[in-house]
There are 2 protein chains.
Amino acid sequence: MATTSDDERDPDLIAVQEGPQAAQELTRPAGLDRERILKAAIDFIDDQGLAALTMRRLGSSLGVEAMALYRYVPGREDLLDGVVDRVVETLFDDQDGDDVFITDHNGWQDYLVRLAHGMRRIALAHPAVFPLIASRPPAAPWVRPPLRSLRLVESFLGTLHDAGFSDPAAVAAYRAYSSFLLGHLLLEVTQIGAQVSLLDQPEGDPEAQERTDLTEYPNLLRTEQLLGQDKSAAEFEESLENLLDRLERVLHEAKNSDGEVGDLA
Amino acid sequence: MATTSDDERDPDLIAVQEGPQAAQELTRPAGLDRERILKAAIDFIDDQGLAALTMRRLGSSLGVEAMALYRYVPGREDLLDGVVDRVVETLFDDQDGDDVFITDHNGWQDYLVRLAHGMRRIALAHPAVFPLIASRPPAAPWVRPPLRSLRLVESFLGTLHDAGFSDPAAVAAYRAYSSFLLGHLLLEVTQIGAQVSLLDQPEGDPEAQERTDLTEYPNLLRTEQLLGQDKSAAEFEESLENLLDRLERVLHEAKNSDGEVGDLA
DNA sequence: ACCTGAACACCGTTCAAGT
DNA sequence: ACCTGAACACCGTTCAAGT
């Protein structure tokens, strides 16, 4: 029974009776598609880490053999690209509409601030995925992580252009902005990863975590507590504001003396 | 003929007769040690890429079975850590002496500039290794890539401290500086990697490299040429100078009104 | 049409065995 | 003392076979 093709209808196609299978998320043994696979891969990376993700384990987390995945995904590399794309796409999803980064802003500064906060939210939501966002080879040579989609770069350049930036200034701003985002966010998620991996291996004492001996390093010793404090959020905001100040300066200098183009790195 | 081992004695221990084995670097089948293995691993990554590095292939590049490596290296992960350490260490090697970054500078600005140039030289010399430098979990949670050694952080903080920076200001400077270095250099080597991988797969036309259709993206289309230009070096210098300006401002503000500590991110 | 079993080539790693 | 062969468990991926 239950002779079904995929088009429409047909309940009880999923007549499961496997008992307590509260594994990940209901793990239905059927109804595979690329979207569901990507979602599963992201969840998997989020809580097991990138290194643990294999085609076989991913299949099993979906209640399926690894070989079944190849009907929807060309291979592991493409799967990882899909993961990156899907995570970056959530920049647009959860705001009001799709155009939130394209037309729906109060000036270019507001646009850059919201874009930065959006990327940071993504990085913190998926700290184990972010290194992938940072290091996968981009679609075009001039696409700079973490601003990985043509659509995003287009909207970035368009916003600055409409605000009066010259093309060279807008491109320079794009480069400076992406460097800032990548540096800050990658370091922030690396720190999260380091803390997690410390908790994972409580080898020996639970408290005295085998602290490296700092007696050789007086400056480290003296500032150890300061070094341990997490000020990522405040530092992010301050660096962002500093960058915006630089860009504003470039824009105004160009407007006043329109002889030469303000360059910045 | 020309049987030469490096120490002394024992010729024809290496009585090879395998014909044209001008593979990597003479591939002597014996005389293994950890240092030689790390060197071989770096060379391997430099010209085959990180993904291609396996214990078996690394062994074979040394004229030895993979299993022989385990006498000198606990495993692949440790090997990669060793690679990172060794590459970062070359910061100190090729200047005059060991203390070039510790005492041998003309003021803290000069120190920061030379350190930045040193790291950039490393990144450009080993673009395929740098992502590893960027993303390996650091020794301590507050060690921020690419400034990966305690010794380096110690000298950084000491230099700024001696120049009059307060401890919080020095730590904030360390964070801002590492973010800057990581963002810039990782993006620069990513770009190099992207160009290489484009050359590797000349699928179809040699010239018309399947350029993505940009008709949907007017701003990309208009700035395409600008986007393609490589200004990494100039941008690096300008961002570095901007950072130094910020730090100078913090230092002087703290000196004038020594009531509060200048914070920066 | 969709999934699986079996197979292939390749991994990292261990260990008894060779020299 | 140092390296190798054989073996183990696990990969990604292909493909004929099942339903």
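Protein chains get the first letters and strands the later ones, always in sequence-line order, with residue 1 at the start of each.
- For A:Leu53 and D:dC11, the CG to P distance is 10 Å, given to the nearest whole Å.
- Side-chain contact between B:Leu62 and B:Arg36 is present, with heavy atoms from C-beta onward closer than 4.5 Å.
- For residues 74-85 of chain B, proximity to DNA chain D is found at no residue, defined as any non-hydrogen atom under 4.0 angstrom from a strand atom.
- For A:Glu65, there are no salt bridge (Lys or Arg N to Asp or Glu O under 4.0 Å) partners at least two apart in sequence or on another chain.
- Applying the salt bridge (Lys or Arg N to Asp or Glu O under 4.0 Å) test to A:Arg86 and every residue at least two apart in sequence or in another chain returns A:Glu35.
- What separates CG of B:Leu58 from P of C:dC11 is a distance of 12 Å, to the nearest Å.
- Here the straight-line distance linking atom CG of A:Leu80 with atom CG of A:Leu132 works out to 5.0 Å at 0.5 Å rounding.
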**Prompt:** Using Watson-Crick and G-U wobble pairs with both distances under 3.5 Å, what is the 5'-to-3' dot-bracket string of DNA chain C, with [ ] for crossing pairs and | for pairs outside the strand?
**Reply:** ||.|||||...|||||.||
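- B:Asp81 and B:Arg148 are not joined by a salt bridge, as no carboxylate oxygen comes within less than 4.0 angstrom of a charged side-chain nitrogen.
- Atom CD1 in A:Ile37 sits about 14 Å away from atom P in D:dG12, given to the nearest Å.
- Side-chain contact check for A:Phe130 versus A:Thr190: every heavy-atom pair is 4.5 Å or farther apart.
- For D:dC15, the OP1/OP2 oxygens have no side-chain nitrogen or oxygen of A:Tyr70 closer than 4.0 Å.
- Nucleotide C:dT14 holds its C1' atom 13 Å from the CE atom of B:Met55, rounded to whole Å.
- Note on ring orientation: taking the six-membered ring where Trp is involved, the planes of B:Phe236 and B:His184 are perpendicular (angle over 60°, cut-offs 30° and 60°).
- Side-chain contact between A:Leu147 and A:Met119: present, with at least one pair of heavy atoms (C-beta onward) separated by less than 4.5 Å.
- Interatomic distance, CZ of A:Arg120 versus CG of A:Leu185, reported as 7.5 Å (0.5 Å rounding).
- Rounded to whole Å, the distance from CG on A:Leu62 to C1' on C:dC3 is 13 Å.
- In terms of the salt bridge (Lys or Arg N to Asp or Glu O under 4.0 Å) criterion, residue partners of A:Glu77 (sequence neighbours excluded) are, by chain and number, A:Arg136.
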**Prompt:** Can you list the steps and then say if B:Ser179 with B:Arg144 is a side chain to side chain donor-acceptor pair (under 3.5 Å)?
**Reply:** CA-CA 8 Å; B:Ser179 292; B:Arg144 295 166 61 101; 2.8 Å; yes
Between the protein and nucleotides 4-7 of chain D, list the N/O to N/O atom pairs that are separated by less than 3.5 angstrom.
unit_1: D:dT4; atom_1: OP2; unit_2: B:Glu65; atom_2: N; d: 2.8

